[in-house]
Engineer: 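Got a structure for you, written out below as structure tokens; questions coming shortly.
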2 protein chains.
Amino acid sequence: MIVTIRDVAKKAGYSITTVSRALNGFDDVNEETRAKIMAVAKELNYQPNRVARSLVTKTVNTIGLFVLGRSSFQQGFIADLVSGLIDEASTHDFDLLIFGTQSLKAGLPFQQLCHQRGVGGAVITGLKITDPIIAELEDSPFPTVLIDVPINGPKATYVTFDNQKGMVQALDHLYDLGHRKIGFINGHLEAWVCRERLAGYKKGLAKHGLTYNKAYVYNGNFSKESGRAGAKELIKKNPELTALMVASDLMAAGALEELTAMGYALPEDLSLVGFDDQTFAALTSPALTTIKQDEYLLGRLAAENIIKLINDPGYLPEIKTLTTNLVIRQSTGPVKS
Amino acid sequence: MIVTIRDVAKKAGYSITTVSRALNGFDDVNEETRAKIMAVAKELNYQPNRVARSLVTKTVNTIGLFVLGRSSFQQGFIADLVSGLIDEASTHDFDLLIFGTQSLKAGLPFQQLCHQRGVGGAVITGLKITDPIIAELEDSPFPTVLIDVPINGPKATYVTFDNQKGMVQALDHLYDLGHRKIGFINGHLEAWVCRERLAGYKKGLAKHGLTYNKAYVYNGNFSKESGRAGAKELIKKNPELTALMVASDLMAAGALEELTAMGYALPEDLSLVGFDDQTFAALTSPALTTIKQDEYLLGRLAAENIIKLINDPGYLPEIKTLTTNLVIRQSTGPVKS
DNA sequence: CTGTTAGCGCGTTCAC
DNA sequence: GTGAACGCGCTAACAG
């Protein structure tokens, strides 16, 4: 039933070795022999057992994806990220092994865990900026690509979006609509992107000669509830605000609920900008203007990087950031005069 | 750096064989010896290489997840399903290898592909009811669990929700609110769940003495646009309808958009019920009443089944269906008198 | 050009 | 109780 290289050898009348070489494209094999062997292999539908192969070659065709933190899994974008990873990986004949938070808790050192499972490199998402593993990975010879957390080692790199630029673009949009008092509901600062988004917020303000006011910023935790809380607090304390930027669509949805409950009409009374462009951003009412991140593309980029890192010992990682796109819907409008 | 059984043997002063036996709990080893070996293993942080192990034992600790059809990946519920699979798998020390549509396209017979990758059993989602592979899997000795597609073989089973019951519950709710003319926007009938939902729709109608009217049913394709189209067509052709059931939240969101655009107020003029309870169901306005499926739980159940099927040769699969929950929000209300 | 030998890391006979 | 020898499926050195 399961056909091994031995079956092919027997049927073709050659040694196992010759079959191996013929199939792997070595040039020290008679073309006639190769043809015969290939024919038999095809007939028997032979495919080499990757497990056995990687055991001896020490090269490996599996990339490990570590999804840290339950919450990140629940949020929609992981699905797109994985989708991109798989598509890119499979074109390079790589497989994708997924690990959840629990796998790491087991206490097994990260790199050893990978080795055991025949994983040649890791893509990690959901890492907090404070995690000590980052420093460890930075010096490690083990190929690693982080999602949305900067790292810079011989075998470690990261992929992300230009969050600052995204924020500035959104601020341009709001400024053009006449907004001058703009609040910001951020996520927690353990997420690197949130620091970037805050920096972008400041940069955007400065660009238009607006002064940064600390009281205009609220730190949430990416939950819908924290979006509600943030909107409530910011608006109560700063009734002069005419627009709110929010570091995630989910928090923006919470803010939207709260503001509506408070009696504000959007975008007439207040403008709102989200971040991510998740599926539901188009479904709220008013539909959310948001800073779109194409997670599928990010997945492809991550896969591309990790595969290069694994395959090419001399490859020097270069950091490429993807750009976001401002998707203008109905939650933003001209400032009330 | 990478510690093998050989390192442990050397350091402990025993042969590789003895170490293997000690670590694997054989009872023909001196307890004192075992203790010493275990101590060394722990000290060296030794973990057996699963790749090498499965090569010799022929037993395997990897389950393959096949996500067929791009669309299913894009939809939110895959993330929760995967989350459940991982959590359950990792408690049994199983790994999860994910394959996308492309992997199967390669022409490699399914079972052989699994064998190559050291996959002991497969969980498959996104399968159409017309796929010939189902019959093949049914007779196959290869452990398989299908998501939402019935199958019944010695080593094949499936997990799903009681879609019929879910529909009936929702119909009960609508009936209690006074609705008698109830339309249904279904997905395509190549999805088994859609057939079930249709059956449930009919059953629910019959339960309340309402007659099934074919003109009240529209077949969409799970896209938001088809939800819009379905709502438009059903309402135009059957203005007497007072409620619409929809076979997915995304289509329901489309229907909601369309109905709102047509000038209907929900739930005053019309009631709407979705299916799935995806994140955004709570975010539309009005928030969607919907039939909730806990995909995380489904993932755990699937993992539990496939692991039993892999580990226990004598295990006879039994089909357990999970129940849905009707989540009542604001899109349903008493019929307009 | 081709076959023999060896070994990847591990578990399993079978002697001792 | 313990260890030597063998094999899983495959590739890599070395002969010939």
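Labels below follow one simple rule: chain letters A, B, ... track the order of the sequence lines, proteins then strands, and each chain is numbered from 1. Values below: every heavy atom of this structure, side chains too, minus hydrogens, waters and symmetry copies.
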Engineer: By nearest atom, which of the nucleotides C/dT5, C/dT2, C/dC8 is closest to the A/V56 side chain?
Structural biologist: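 Nearest to the side-chain atoms of A/V56, counting from C-beta on, is C/dC8.
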Engineer: Any side-chain heavy atom of A/I124 sitting closer than 4.5 Å to one from A/F110?
Structural biologist: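 Yes, side chains in contact.
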Engineer: Once you apply a heavy-atom cut-off of 4.0 Å, does B/I16 come out as touching a base, just sugar-phosphate, or nothing?
Structural biologist: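 Result for B/I16 = nothing.
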Engineer: Should the side chain of A/S20 and the base of D/dA12 be counted as holding a donor-acceptor pair, with the cut-off at 3.5 Å?
Structural biologist: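 Side chain to base: no pair below 3.5 Å.
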Engineer: Keeping B/D7 on the side-chain end and B/T4 on the backbone end, is there a donor-acceptor pair under 3.5 Å?
Structural biologist: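 Present.
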Engineer: Give the minimum heavy-atom separation between B/I134 and B/I129, together with the two atoms involved.
Structural biologist: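 Nearest pair, atom of B/I134 first, then B/I129: CD1-O, 3.8 Å.
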Engineer: For B/T33 and D/dT2, is the shortest distance between a side-chain N/O and OP1 or OP2 below 4.0 Å?
Structural biologist: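 Checking B/T33 against D/dT2: at least one side-chain N or O falls below 4.0 Å of OP1 or OP2.
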Engineer: For B/D28, report the nucleic acid contact type (base, sugar-phosphate, nothing); a contact means any heavy atom under 4.0 Å.
Structural biologist: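 Since a base atom lies under 4.0 Å of B/D28, the category is base.
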Engineer: Remember a base hit wins even if backbone is also touched, and classify B/T57 as base, sugar-phosphate or nothing at under 4.0 Å, heavy atoms.
Structural biologist: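 Counting heavy atoms under 4.0 Å across all strands, the contact made by B/T57 is with sugar-phosphate only.
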Engineer: Report the end-to-end axis angle of the helix from C/dC1-D/dG16 to C/dC16-D/dG1; each axis comes from five terminal pairs, and the value is rounded to 10°.
Structural biologist: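 Computed from the C1' atoms at both ends, the axes differ by 50°.
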Engineer: Of the options C/dG3, D/dT2, D/dT11, whose atoms approach the side-chain atoms of A/S15 most closely?
Structural biologist: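 Taking heavy atoms from C-beta onward, the closest nucleotide is C/dG3.
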Engineer: Taking only side-chain nitrogens and oxygens of A/R6, does any of them come within less than 4.0 Å of OP1 or OP2 of D/dC8?
Structural biologist: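 Yes, such a contact exists.
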Engineer: Can you tell me the distance, in whole Å, between the CD1 atom of A/I5 and the C1' atom of D/dG7?
Structural biologist: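 Atom CD1 in A/I5 sits about 16 Å away from atom C1' in D/dG7.
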Engineer: Please list, one pair per line, the donor and acceptor atoms closer than 3.5 Å that link side chains of residues 136-143 of chain B to other protein atoms, with sequence neighbours excluded.
Structural biologist:
residue	atom	partner	partner atom	Å
B/E138	OE2	B/N152	N	3.0
B/S140	OG	B/F142	N	2.9

Engineer: Name the nucleic acid region contacted by A/T4, choosing base, sugar-phosphate or nothing; use a 4.0 angstrom heavy-atom cut-off, strictly under.
Structural biologist: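 Result for A/T4 = sugar-phosphate.
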Engineer: At under 4.0 Å between heavy atoms, what does A/R21 touch on the DNA or RNA strands: base, sugar-phosphate, or nothing?
Structural biologist: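 Counting heavy atoms under 4.0 Å across all strands, the contact made by A/R21 includes a base.
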Engineer: Under 4.0 Å: is that the gap between some side-chain N or O of B/R53 and OP1 or OP2 of C/dG9?
Structural biologist: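 No, B/R53 has no side-chain N/O under 4.0 Å of OP1/OP2 on C/dG9.
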Engineer: For B/D7 and C/dC8, give me the distance from atom CG to atom P, rounded to whole Å.
Structural biologist: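 In whole Å, C/dC8 P and B/D7 CG are 12 Å from each other.
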Engineer: Just say parallel, tilted or perpendicular for the rings of A/F66 and A/F99, cut-offs at 30° and 60°.
Structural biologist: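 The rings of A/F66 and A/F99 lie parallel, inter-plane angle below 30°.
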Engineer: If each of B/G13 and A/T17 is mapped to the nucleotide of DNA chain D with the nearest heavy atom, which maps nearer the 5' terminus, i.e. the 5' end?
Structural biologist: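 It is B/G13, whose closest nucleotide lies nearer the 5' terminus.
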Engineer: Could you please name the option among D/dT2, C/dC1, C/dG3 that lies closest to any side-chain atom of A/Y14?
Structural biologist: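 Minimum distance to the A/Y14 side chain belongs to C/dG3.
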Engineer: Ignoring backbone atoms, establish whether B/Y46 has a side-chain N or O less than 4.0 Å from OP1 or OP2 of C/dG9.
Structural biologist: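 Result: no.
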Engineer: Taking CD1 from A/I2 and C1' from D/dC8, how many angstroms apart are they, rounded to a whole number?
Structural biologist: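 Going from A/I2 (CD1) to D/dC8 (C1'), I get 14 Å.
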Engineer: Taking all heavy atoms of B/V3 and all of B/N45, pick out the closest pair and write down the distance.
Structural biologist: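 In terms of heavy atoms, the two residues are closest at CG1-O, 4.1 Å.
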Engineer: Are any side-chain N or O atoms of A/S90 and backbone N or O atoms of A/D93, one a donor and one an acceptor, separated by less than 3.5 Å?
Structural biologist: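 Pair absent, no side-chain N/O of A/S90 close to backbone of A/D93.
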Engineer: Would you mind reading off the distance between A/Q47 atom CD and D/dC10 atom C1', rounded to a whole angstrom?
Structural biologist: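 It works out to 14 Å between those atoms.
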Engineer: With the side chain of B/N49 defined as its heavy atoms from C-beta on, choose the nearest nucleotide among C/dT4, C/dC1, C/dG9.
Structural biologist: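 For the B/N49 side chain, the nearest candidate turns out to be C/dG9.
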Engineer: If you define the side chain from C-beta out and look only at heavy atoms, does anything of B/I147 sit under 4.5 Å from B/V159?
Structural biologist: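 Yes, their side chains come closer than 4.5 Å.
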Engineer: Round to a whole Å and report the spacing from CG of B/L23 to C1' of D/dT2.
Structural biologist: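 Going from CG in B/L23 over to C1' in D/dT2 covers 16 Å.
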Engineer: For A/Q112 and C/dG9, what is the distance between atoms CD and C1' respectively, to the nearest whole Å?
Structural biologist: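 One finds 13 Å between C1' of C/dG9 and CD of A/Q112, rounded.
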Engineer: Taking only side-chain nitrogens and oxygens of B/N24, does any of them come within less than 4.0 Å of OP1 or OP2 of C/dG11?
Structural biologist: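 Yes.
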Engineer: Just checking B/S54: base, sugar-phosphate only, or nothing, at a heavy-atom cut-off of under 4.0 Å?
Structural biologist: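 No contact.
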Engineer: Among the candidates D/dA12, C/dT2, C/dC10, find the nucleotide nearest to the side-chain atoms of A/F26.
Structural biologist: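 Out of D/dA12, C/dT2, C/dC10, the nucleotide with an atom closest to A/F26's side chain is D/dA12.
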Engineer: Using modelled atom types only, decide if a donor and an acceptor are shared between the side chain of B/N24 and the backbone of B/F26 within a distance under 3.5 Å.
Structural biologist: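 Pair absent, no side-chain N/O of B/N24 close to backbone of B/F26.
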Engineer: Touch check for B/L55, heavy atoms < 4.0 angstrom, all strands: base, sugar-phosphate only, or nothing?
Structural biologist: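 Answer is base: heavy atoms of B/L55 come under 4.0 Å of a base.
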Engineer: Measuring to OP1 and OP2 of C/dG9, would you say a side-chain N or O of A/K58 lies under 4.0 angstrom away?
Structural biologist: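 So the side chain of A/K58 is within the cut-off, an N or O lying under 4.0 Å from OP1 or OP2 of C/dG9.
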